[in-house]
Amino acid sequence: MTSSVSREAYGEASERLGAETASATAAQLASVADEILSVAGLLRAQPRLRRALTDPSRPAADRAALLRSLLAGKVAETTVNVLGTLVSGRFSRPAELLDATERLGVETLLASAERDSKLADVEDELFRFSQIVAGDSTLAVTLSDPGAAVERRVKLVQDLLKGKVHVASGRLIEVALEGFGGRGFEASLTRMVELTAAKRDREVAYVTVAKPLTDAEEQALSAKLSALYGRAVSLKIGVDPAVIGGVSVRVGSDLYDGTILRRLNAAKQAFAK
């Protein structure tokens, strides 16, 4: 979602979703999320449908009626109402409707985890899985291969994670495999971590160290970053002996690299001049 009109449409649909699911259970929210994501899958496979549902020459009521005719009796009324609100809005490009639908599904999954008091667990599980993938080149290539059927990659992940993660974590990883927001798999997974942290009103700080930090060191670093950014910070720590020592921290586009490896590389460049 890049345009102001698509953000407005998304905001209205999100408000409708919140109002209609205010008393829903975690399981009910998860069911609505699955339905919204299924519609996203339909939109991904049907470019003509995306164009029809975002055609500015058609009245908003007609676009909502078209969607309702496709979904009536197949999904919950809440899902129809929310997506009807979404397609009633304006979009600069048909692809933005797909992005907004995916995002609604993801946010609903996160809401289900939050209602289940498992949001922090989901955030950690997504990050740990991203670390596993990053550390296994074969797995990374397999899961990121756009030429492999999504269904096969989803089955592989389901077999790997069965009974090991929260249901929302598993479903979010499946969405990442489909290329959330047009991203590659690993970038999609990173975005999922950040959205989960944002749901907890936290900034994500990616930390790289040569050896694990002690609890006291983690607490001190978290406090320093929280003071710097004015909000709670969620540390995502990766261990890489190649940095030799020191700490590298990335928060959004900000990078603070105090590793010995960086200093050595800087020294090499200085001597090479």
| Under 3.5 Å donor-acceptor, E8 side chain and S4 backbone | no
| remark: Between R51 and P94, the two heavy atoms sitting closest are CG-CG, 3.9 Å
| request: Can you see which heavy atom on F91 is nearest to which on L86, and at what distance? | output: CE1-O, 3.3 Å
| field | Which atom of S112 lies closest to which atom of L29, heavy atoms considered | value | CB-CB, 3.6 Å
| message | We want to know whether R16 and T85 form a side-chain donor-acceptor pair, criterion being a heavy-atom distance below 3.5 angstrom. | response | yes
| request: Determine yes or no for a side-chain-to-main-chain donor-acceptor pair under 3.5 angstrom, with T142 supplying the side chain and T138 the backbone. | output: yes
| Any side-chain heavy-atom pair from E20 and V32 closer than 4.5 angstrom? | no
| query | In this structure, are over 12 heavy atoms from other groups packed under 6.0 Å from K199 atom NZ? | reply | yes
| Should we say atom CZ of R115 is surrounded by more than 12 heavy atoms from elsewhere, each under 6.0 Å from it? | yes
| Is the shortest heavy-atom distance from the side chain of L139 to the side chain of L156 under 4.5 Å? | yes
| task | Tell me, yes or no, whether the heavy-atom count around R200 atom CZ, taken from other residues, nucleotides or ligands under 6.0 Å, exceeds 12. | result | yes
| task | Using a strict cut-off of less than 4.0 Å between a Lys/Arg side-chain nitrogen and an Asp/Glu carboxylate oxygen, indicate whether E123 and K236 qualify as a salt bridge. | result | yes
| Would you call V87 and T54 a side-chain contact if the rule is heavy atoms closer than 4.5 Å? | no
| request: Determine, for R44 against E178, whether the closest basic-nitrogen to carboxylate-oxygen distance falls under 4.0 angstrom. | output: yes
| field | From L53 atom CG to R48 atom CZ, the distance as rounded to the nearest 0.5 Å | value | 12.5 Å
| query | Roughly how far apart are E77 CD and L71 CG, rounded to 0.5 Å? | reply | 10.5 Å
| message | Tell me whether R103 is salt-bridged to E107, with the criterion being a basic N under 4.0 Å from an acidic carboxylate O. | response | yes
| task | Establish whether V204 and V207 are linked, either directly or via other cluster members, by ILVMFWY side-chain heavy-atom contacts under 4.5 Å. | result | no
| About how many Å separate CG of L109 and CG of L104, when rounded to the nearest 0.5 Å? | 11.5 Å
| request: Kindly say whether A232 contributes a backbone atom to a donor-acceptor pair with the side chain of R202 at under 3.5 angstrom? | output: no
| field | Interatomic distance, S234 atom OG to E194 atom CD [nearest 0.5 angstrom] | value | 10.5 Å
| query | Where is the tightest heavy-atom contact between R58 and L66, given as atom of each residue plus distance? | reply | NH1-CD2, 3.7 Å
| query | Does the side chain to side chain contact (heavy atoms under 4.5 Å, CB included) test come out yes or no for L195 and R191, once each step is laid out? | reply | CA-CA 6 Å; L195 288 174; R191 184 60 179 146; 3.6 Å; yes
| Would a hydrophobic clustering, with Ile, Leu, Val, Met, Phe, Trp and Tyr connected at side-chain separations under 4.5 Å, put F185 with V141? | no
| field | D34/R171 salt bridge by N-O under 4.0 Å criterion | value | yes
| field | Test item: L228 and Y256 side chains (from C-beta on) under 4.5 Å apart, heavy atoms | value | yes
| Quick one: do V5 and L97 end up in the same hydrophobic cluster if we chain Ile, Leu, Val, Met, Phe, Trp and Tyr together by side-chain heavy atoms under 4.5 Å apart? | no
| R90 side chain vs S6 backbone, donor-acceptor pair below 3.5 Å | no
| message | Applying side chain to side chain contact (heavy atoms under 4.5 Å, CB included) to F129 and I173, what does each step give before you reach the verdict? | response | CA-CA 9 Å; F129 187 68; I173 292 169; 3.7 Å; yes
| request: Please confirm whether the backbone N or O of L70 pairs with a side-chain atom of K74, one donor and one acceptor, at under 3.5 Å? | output: yes
| field | L37-L83 co-clustered via ILVMFWY side chain contacts under 4.5 Å | value | no
| said: Students often mix this up, so state it plainly: with edges at 30° and 60°, are the rings of Y206 and F127 parallel, tilted or perpendicular? | reply: tilted
| query | Quick one: CG on D240 to NZ on K211, what's the gap to the nearest 0.5 Å? | reply | 15.0 Å
| said: Taking K155 first and then E174, would you say they form a salt bridge - that is, a charged N and a carboxylate O separated by under 4.0 Å? | reply: no
| query | For E12, does its backbone N or O pair with a side-chain atom of E15 as donor and acceptor, under 3.5 Å? | reply | no
| query | Can a donor-acceptor pair be found between the side chains of D254 and Y229 at a distance below 3.5 Å? | reply | yes
| field | Joint hydrophobic cluster, L49 plus I36, side-chain heavy atoms closer than 4.5 Å | value | yes
| Counting N and O atoms only, with roles assigned by atom type, does the side chain of R63 sit under 3.5 Å from a partner on the main chain of G89, one being a donor and the other an acceptor? | yes
| message | Do L189 and L172 have side chains that approach each other closer than 4.5 Å (heavy atoms only, starting at C-beta)? | response | no
| Derivation of the side chain to side chain contact (heavy atoms under 4.5 Å, CB included) call for L213 and I237 | CA-CA 9 Å; L213 299 177; I237 300 174; 4.0 Å; yes
| Does the side chain of S248 reach to within under 4.5 Å of the side chain of L255, using non-hydrogen atoms? | yes
| Is there a donor-acceptor pair closer than 3.5 Å between any side-chain N or O of E203 and the backbone N or O of V233? | no
| remark: All heavy atoms of L98 vs all of A40, minimum pair found to be CD1-O, 3.3 Å
| query | So, the side chain of T21 versus the backbone of A24: is there a donor-acceptor pair under 3.5 Å, distance only? | reply | no
| task | Measure the CG-OG distance between L67 and S88 for me, rounded to the nearest 0.5 Å. | result | 8.5 Å
| task | Mind running side chain to side chain contact (heavy atoms under 4.5 Å, CB included) on L43 and R50 for me, showing each step along the way? | result | CA-CA 6 Å; L43 293 173; R50 293 200 302 271; 4.0 Å; yes
| Between the main-chain N or O of G84 and the side-chain N or O of R68, is there a donor-acceptor pair closer than 3.5 Å? | no
| message | Are M192 and L110 packed together at the side-chain level, in the sense that at least one heavy-atom pair is separated by less than 4.5 angstrom? | response | no
| Shortest non-hydrogen contact from T208 toward V243 | CG2-CG1, 4.0 Å
| query | Are side-chain heavy atoms of E186 and S144 found at a separation under 4.5 Å? | reply | yes
